[in-house]
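All remarks here apply to the structure that follows.
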Amino acid sequence: MVLISALITVYLATVAEAAVTVYGQIPFGQTATGAAAQPTRVVNAFNDTVLNPPPIPNPPLPTAFPLALQRDVASTPGLSTPHVGGGFFGFSIEMSVINQVLGKNSTHLYVPFLNLLSNLAERAGSVVIRLGGNTQEFATLVPELPDGRTFGKEDSGTTQTTRTPAVLYTVDMFYMMSNISAMLPVKWFLGIPFNDSTTWRLQIAENAQRILGDNLLGLQAGNEPDFYQQFGRRTEYSPQAYFTEIGQLIQTIDANPNIPVKNKLVGPSVATGPWTPEVVWETGFIDTYKDRLYALSVEHYPDNNCDAIFRPELGRNKDPQELFPGYLTHASAVDLVRPYLNSGNLAVAAQKPLIMFETNTASCGGFQGISDSYGAALWALDYGYQMAYGNFTHALLHVGGQNVFYNPFTAPPTNMSTFNQWTVGAIFYSTMILAETFGQSNTARIVDLNPNQGNPLTPAYGIYERDVLSKVALFNFVTDPSGNSDLKVAISIPNAGVPGSVRVKYLEAASVSQKFNITWAGQTFGNRFEVDGRLRGDVNVVEITCDRTANACVIPVKAPGFALVFMDSAAAASVGQASHTFATTAFTRLHNTVSVASQVLETSNGHNATNRKKYGSSSKGSVVGNDATGLTLSPVVAHGVAVLIAFAAAGVMLR
Ligand SMILES: *[C@@H]1O[C@H](CO)[C@@H](O)[C@H](O)[C@H]1NC(C)=O
Ligand SMILES: *[C@@H]1O[C@H](CO)[C@@H](O)[C@H](O)[C@H]1NC(C)=O
Ligand SMILES: *[C@@H]1O[C@H](CO)[C@@H](O)[C@H](O)[C@H]1NC(C)=O
Ligand SMILES: *[C@@H]1O[C@H](CO)[C@@H](O)[C@H](O)[C@H]1NC(C)=O
Ligand SMILES: *[C@@H]1O[C@H](CO)[C@@H](O)[C@H](O)[C@H]1NC(C)=O
Ligand SMILES: *[C@@H]1O[C@H](CO)[C@@H](O)[C@H](O)[C@H]1NC(C)=O
Ligand SMILES: *[C@@H]1O[C@H](CO)[C@@H](O)[C@H](O)[C@H]1NC(C)=O
Ligand SMILES: *[C@@H]1O[C@H](CO)[C@@H](O)[C@H](O)[C@H]1NC(C)=O
């Protein structure tokens with residue numbers, strides 16, 4: 001990591017040099033400017049690399065195995081702390097790409113993004129999103145930007161190595177967030193700039209609290225402070241120095257009447273590069289600051305693709321084909337979470353959420369062929385469950401622009417930005433499935449079952465809600481079209497306790513390398529440039545009859561495959577496309593006006609969708625869609641906020 005960060009620093013310096021004279025528009029989706037960014041000219045988000053699936057295991061996988069579960073929490077050791085709603089996966093969106101993802105501004109939000117969030121929110125009750133990343137450190141609120149420019153940047157000054165162009169934004173960013181939260185139960189994190197710990201710039205905290213109110217969950221205090229010294233943000237930096245700065249920040253917040261809520265900080269967000277979380281805990285961080293903290297946080301990626309993206313001339317590109325099998329094993333999830341088990345227990349003891357604030361398949365954009373594959377979706381499911389088992393409360397998948405491979409969702413290139421031409425990455429399905437797994441009861445607890453004699457290709461988890469077994473998650477990481485590696489998992493419960501039947505939803509694709517034609521319970525968002533954020537097709541929930549005499553529910557899982565078994569509830573299994581979707585041009589035209597419309601379009605795509613209106617109303621008068629690319633609020637609503645949101649053209653993609 002140290003070597004990597006040194007390289008990144010070199011890269012930053014190069015970009016900073018090159019970027020100073022680059023103004024205005026950069027290619028859509030690109031988050032770095034200058035000569036050093038040229039190698040990413042290929043639009044990585046739409047890269048067509050398809051890898052070979054790993055070979056079929058030899059000796060063959062044991063395919064028929066028992067899975068003995070206990071019915072009650074009391075007889076199930078090792079369960080996580082109860083999982084509180086809001087899904088598990090949220091998103092971390094780099095500030096420099098906000099207007100590629102959320103919308104152009106507060107009156108022009110992107111419909112597919114809202115529809116995707118709606119599908120998460122309907123399952124989980126709410127969705128958490130962090131706007132931030134490396135670009136938050138120099139982000140600056142400005143009153144307005146000249147010529148109504150949407151993109152703004154400036155030289156952030158200081159030394160050569162830290163001359164990262166700064167993100168400029170206007171107060172409209174907060175209205176954008178607020179308007180999203182007015183339509184969907186979305187909760188937000190933002191970050192306090194940490195580039196200058198003597199003159200704290202707290203406008204982001206002031207405005208966020210004023211405009212977002214309770215929809216602001218927390219404010220990140222420091223982003224990957226363990227890299228501050230390498231990145232030249234501080235000449236010398238230690239966990240103790242970070243601890244001291246947090247104390248100073250708290251004093252400054254206490255003295256600021258425009259930040260009425262004083263206890264929303266999130267830290268330490270170590271990258272687990274130069275520092276472990278433990279070196280921060282050893283400063284007394286938790287005990288000293290827990291009354292001021294909303295949550296504890298860390299950040300981590302399993303690998304990085306920095307050389308290939310930023311220093312291709314070194315010829316040190318990693319080979320995704322070689323790395324692919326490393327993602328397709330339970331060992332990946334276990335190894336990633338192990339360093340945080342102690343932190344998980346400390347967080348439980350301190351009664352604080354523990355959040356993986358930034359993660360994805362690999363930093364510096366992920367790997368072609370891996371990051372957008374069905375295999376990555378299986379990996380993210382296993383990793384998410386494993387984090388939940390390790391007492392993380394949320395994990396935020398990082399979203400980049402079009403020059404990354406790992407996006408859960410990507411807007412189309414500007415020249416074809418109609419509302420239904422987005423692309424969903426396979427890992428988006430994982431976010432939806434975790435949301436569905438943990439549900440909205442705020443009681444879900446999970447245990448890693450390690451079945452099949454701990455075979456790393458066939459992990460399984462048990463999920464308990466309201467103290468009883470509610471779901472079982474089954475994986476098969478193997479790709480074997482012959483059918484010889486398909487699993488038959490025999491679930492049993494003591495005292496002939498299996499129900500008469502169970503319902504199963506599958507995440508399906510023919511191969512771990514496949515990027516498209518992925519279905520969750522028979523429904524799909526569509527392939528590349530086909531997505532409007534709504535699931536298509538009928539929900540297909542498979543009912544499996546159990547053998548009560550033999551005390552077994554035998555669940556088939558294809559190679560590859562993932563199955564979510566609903567043990568106790570038919571209703572829970574029936575959720576499909578969210579009932580709450582957002583208007584398209586066609587819909588608003590039905591209302592025959594540009595000033596009155598509704599954001600709510602009831603659809604019957606999903607099973608029982610119309611029976612499940614959990615939030616929102618179809619009240620007319622606030623929202624109007626008069627543009628195929630976004631949801632546009634009426635001019636009346638927009639009145640008074642003339643400034644355009646603005647973002648740096650040169651957000652640096654480190655992750
Ligand atoms: C995919 O990305 C890799 C790595 O940047 C590049 O070498 C390859 O040419 C790209 N392939 C396609 C089909 O775009
Ligand atoms: C998670 O926290 C619970 C306490 O609620 C604890 O019993 C369990 O061991 C923790 N999980 C892990 C994997 O450490
Ligand atoms: C911090 O960033 C702001 C905005 O880019 C800049 O004006 C300020 O000079 C920076 N401070 C330091 C100490 O780098
Ligand atoms: C939406 O944003 C506009 C600013 O463009 C603001 O006037 C309005 O109050 C916002 N609406 C909500 C519901 O937050
Ligand atoms: C958009 O631009 C790309 C690259 O220049 C081009 O291949 C594509 O055909 C264009 N699409 C439309 C709809 O103009
Ligand atoms: C998806 O599946 C359909 C039907 O099996 C097939 O015709 C189509 O080519 C597939 N699309 C992709 C992108 O793989
Ligand atoms: C759909 O809803 C109706 C009424 O609420 C219910 O009776 C039925 O069982 C539901 N169907 C499924 C598949 O859950
Ligand atoms: C948002 O962008 C749209 C489309 O470019 C524009 O019409 C509208 O005036 C902008 N709204 C604000 C509040 O700047």
Side-chain angles (χ1 to χ4, degrees), residues 16 38-51 73 76-84 95 135-142 152-169 192-204 228 231-235 245 305-310 312 317-321 333-334 337-354 362 364-372 385-393 402-405 443 445-448 450 461 464 515 528 648 650-651:
Q38 289 309 309
T40 62
R41 232 178 291 120
V42 178
V43 182
N44 289 341
F46 310 123
N47 184 288
D48 280 324
T49 303
V50 176
L51 302 172
V73 159
T76 310
L79 282 166
S80 68
T81 199
H83 188 79
V84 180
M95 288 188 86
T135 44
Q136 80 192 27
E137 306 286 29
F138 293 93
T140 304
L141 178 67
V142 294
K153 75 180 178 75
E154 70 176 7
D155 186 346
S156 61
T158 72
T159 65
Q160 290 291 318
T161 40
T162 58
R163 228 165 56 191
T164 311
V167 172
L168 301 181
Y169 63 96
I192 293 170
F194 246 63
N195 73 318
D196 186 343
S197 59
T198 50
T199 316
W200 293 101
R201 293 181 295 125
L202 298 179
Q203 296 90 336
I204 198 162
Y228 281 175
F231 285 1
R233 303 256 163 92
R234 301 286 189 280
T235 42
E245 285 183 356
N305 194 21
C306 300
D307 280 349
I309 298 296
F310 296 132
N317 298 3
K318 295 179 182 175
D319 179 1
Q321 186 63 64
V334 171
V337 175
R338 189 183 299 112
Y340 304 108
L341 292 180
N342 175 48
S343 300
N345 284 310
L346 294 175
V348 170
Q351 297 184 294
K352 293 291 166 190
L354 175 64
C364 292
F367 292 109
Q368 70 271 22
I370 294 178
S371 297
D372 52 354
Y385 286 137
Q386 189 70 22
M387 282 190 275
Y389 167 60
N391 288 320
F392 278 91
T393 52
Q402 297 202 346
N403 64 341
V404 304
F405 300 107
T443 63
R445 303 174 69 179
I446 184 165
V447 61
D448 183 355
N450 263 312
Y461 294 86
Y464 291 75
K515 301 184 182 199
R528 182 183 295 169

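As the structure is a prediction and not an experimental result, all values here were calculated from the model. Note that ligands are numbered from 1 as they come in the structure, with each ligand's atoms numbered from 1 the same way.
Contact atoms of ligand 3 toward Thr140: 4 (C), 5 (O) (distance under 4.0 Å to a heavy atom of the residue). Listed by atom number, the atoms of ligand 1 under 4.0 Å from Thr49 heavy atoms are 1 (C), 11 (N). Of all atoms in ligand 1, numbered sequentially from 1 with element shown, those under 4.0 Å from a heavy atom of Asn47 are 1 (C), 2 (O), 3 (C), 8 (C), 10 (C), 11 (N), 12 (C), 14 (O).
Between the side chain of Thr140 and the main chain of Phe138, a donor-acceptor pair closer than 3.5 Å is present. Side-chain atoms of Asn44 never come within 3.5 Å of backbone atoms of Val404 as a donor-acceptor pair (strictly under, hydrogens ignored). Counting only distance, with no hydrogens or angles, the side chain of Arg445 and the backbone of Ser80 share a donor-acceptor pair below 3.5 Å. No side-chain donor-acceptor contact under 3.5 Å links Lys318 to the backbone of Ala308.
Note on ring orientation: taking the six-membered ring where Trp is involved, the planes of Phe392 and Tyr340 are perpendicular (angle over 60°, cut-offs 30° and 60°).
Asn345 pairs by the side chain to side chain contact (heavy atoms under 4.5 Å, CB included) definition with Asn391, not counting sequence neighbours. Applying the side chain to side chain donor-acceptor pair (under 3.5 Å) criterion to Arg528, with sequence neighbours excluded, gives Asp48. Among residues two or more places apart in sequence or in another chain, the side chain to side chain contact (heavy atoms under 4.5 Å, CB included) test is passed with Ser343 by Pro277, Glu278, Trp281, Leu354.
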Extract all N/O-N/O pairs under 3.5 Å that connect ligand 2 to the protein, and present each with both atom names and the distance rounded to 0.1 Å.
unit_1, atom_1, unit_2, atom_2, d
ligand 2, 2 (O), Asn391, OD1, 3.3
ligand 2, 2 (O), Asn391, ND2, 2.2
ligand 2, 11 (N), Asn391, ND2, 3.1
ligand 2, 14 (O), Asn345, ND2, 3.3

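Contact annotation for Glu137 and ligand 3: no heavy atom of the residue comes within less than 4.0 Å of the ligand.
At least one heavy atom of Arg201 sits closer than 4.0 Å to an atom of ligand 3.
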